[in-house]
Number of protein chains: 2
Amino acid sequence: MTQHGLRSGQVAEAAGVSVETLRYYERPGILDDPVRTLGGHRLYPTKTVTVLKVIKAAQRLGFTLREVADLLQAGEHRHGRRPTAGLRHSLEAKLTEVEARLADLVVIRDTLREARDAGCDDVAACAASSCCPLPFAELATVPARPA
Amino acid sequence: MTQHGLRSGQVAEAAGVSVETLRYYERPGILDDPVRTLGGHRLYPTKTVTVLKVIKAAQRLGFTLREVADLLQAGEHRHGRRPTAGLRHSLEAKLTEVEARLADLVVIRDTLREARDAGCDDVAACAASSCCPLPFAELATVPARPA
DNA sequence: CGTAAGCCCGTTCCTTGGTACGGGATGCAA
DNA sequence: TTGCATCCCGTACCAAGGAACGGGCTTACG
């Protein structure tokens, strides 16, 4: 038999990421440091593929890599003793965040629709003359969350 | 009388941006190069304040600086001859984009809600055992737009 | 055993939208 | 004319999340 464990290329392929990404995730501890062959090549356990998929999924759910790392850690600690409720708490927080962004986007969408329906052609002119319902000046004064 | 035109600090103050931002916008041609005093200080026309407000508003509508520049250009070209419909087209395109992002966020929100309601505690374990409704594997296989 | 593919590492670069720094020149009012 | 606020310029830096390079070693296959 050859050595057991997956090589970085195999893991990358299976998880749909690049080999560089694996190395990158290792640095800040998002992935555990893998076992090495005598020659120094990385050997990953099979579950790393799952972990990577989870990471990618969580990123799509709007978590940053740091947050994902914490999420995974929280899960591991739980195996120690009492339930942490850390994951549920994170989910709740992220959900609130997502809902806020959603609300912002709805405002943006409605504004864009209004602008389109108004049929303006020159943004600057419209803003200056208030001939159209584009709330440029008003928007400009709003505190505003970054898009 | 002193020289007519606004100095960078005045423009920045009036538009609610920093002087550095003005310089920054000049580089890629988002702001026209202003007239200079004999000593090299920038002198802006009054309308620059409006332009800046428009830029900030457009950014809040989800346009990148590059797109904003194109939008403003489109408006100017229109003054030449026939209507370009460029702005309407851009609005339409951006609206489509925003709607797509909105749809994504709704999926994300619903997924987060499900996860929360399911009361999972360990992300990796859930993903591996399919004990909970978190669609990690499925999400992982979706082409997916970056959040 | 030979060779080609794969992997190693450190380092640099990219994107976006600015912010910060620092030394020197200017503008303006008194 | 002096003083001080303002402005000039180039450059470096920040966040995140990787992508890319290049020279050299390892591994696996035949």
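Bear in mind that the values here come from a model prediction, so they are computed numbers and not experimental data. Computed from heavy atoms alone, side chains included, the values below leave out hydrogens, waters and symmetry copies. Order of the sequence lines sets the chain letters (A, B, ...), proteins ahead of strands, with each chain counted from 1.
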ask   = Taking the side chain as C-beta and beyond, is there a heavy-atom pair between A:Y44 and A:L22 under 4.5 Å?
value = yes

ask   = Passes side chain to side chain contact (heavy atoms under 4.5 Å, CB included), B:L31 versus B:L52? Steps please.
value = CA-CA 8 Å; B:L31 278 188; B:L52 280 170; 4.2 Å; yes

key: Residues which pass side-chain contact (heavy atoms from CB on, under 4.5 Å) with B:V49, listed by chain and number, not counting sequence neighbours   = B:L6, B:V11, B:A14, B:A15, B:K53

key: Gap between atom NZ of A:K47 and atom CG of A:D32 - 0.5 Å precision   = 6.0 Å

query = Please, which pairs that meet side-chain hydrogen bond (donor to acceptor under 3.5 Å, both in side chains) have at least one residue in residues 10-24 of chain A, sequence neighbours excluded?
reply = A:S18-A:T21

request  = I would like to know whether A:Y25 and A:V51 meet side chain to side chain contact (heavy atoms under 4.5 Å, CB included); could you show each step before the answer?
outcome  = CA-CA 11 Å; A:Y25 283 1; A:V51 171; over 6 Å; no

key: Estimated bend of the helix from C:dC1-D:dG30 to C:dA30-D:dT1 (axis per five terminal pairs, rounded to 10 degrees)   = 10°

inquiry  = For B:R36 and B:H41: C-alpha separation, side-chain torsions, deciding distance, then whether side chain to side chain contact (heavy atoms under 4.5 Å, CB included) applies.
reply    = CA-CA 5 Å; B:R36 301 293 187 120; B:H41 286 198; over 6 Å; no

Set out, line by line, the N/O atom pairs under 3.5 Å between protein and nucleotides 16-18 of chain C.
unit_1, atom_1, unit_2, atom_2, d
C:dG17, OP1, B:L65, N, 3.4
C:dG17, N7, B:Y24, OH, 3.2
C:dG18, OP1, B:K56, NZ, 3.0
C:dG18, OP2, B:Y25, OH, 2.9
C:dG18, OP2, B:K56, NZ, 3.3
C:dG18, OP2, B:Q59, OE1, 3.1
C:dG18, OP2, B:Q59, NE2, 2.7

key: Intermediate values then yes/no, side chain to side chain contact (heavy atoms under 4.5 Å, CB included), A:I55 and A:V17   = CA-CA 11 Å; A:I55 291 170; A:V17 302; over 6 Å; no

note = Expected string for nucleotides 4-10 of chain C under the B/S/- scheme (protein heavy atoms, under 4.0 Å, primed atoms plus P, OP1, OP2 as sugar-phosphate) is --BSSBB

ask   = Taking atom P of D:dA15 as reference, at what distance in whole Å does atom CD of A:E67 sit?
value = 16 Å

query = Is there a side-chain contact between A:R116 and B:E92 (heavy atoms, below 4.5 Å)?
reply = yes

key: Those residues that, when tested against A:R113, pass side-chain hydrogen bond (donor to acceptor under 3.5 Å, both in side chains) (two or more places apart)   = B:E99

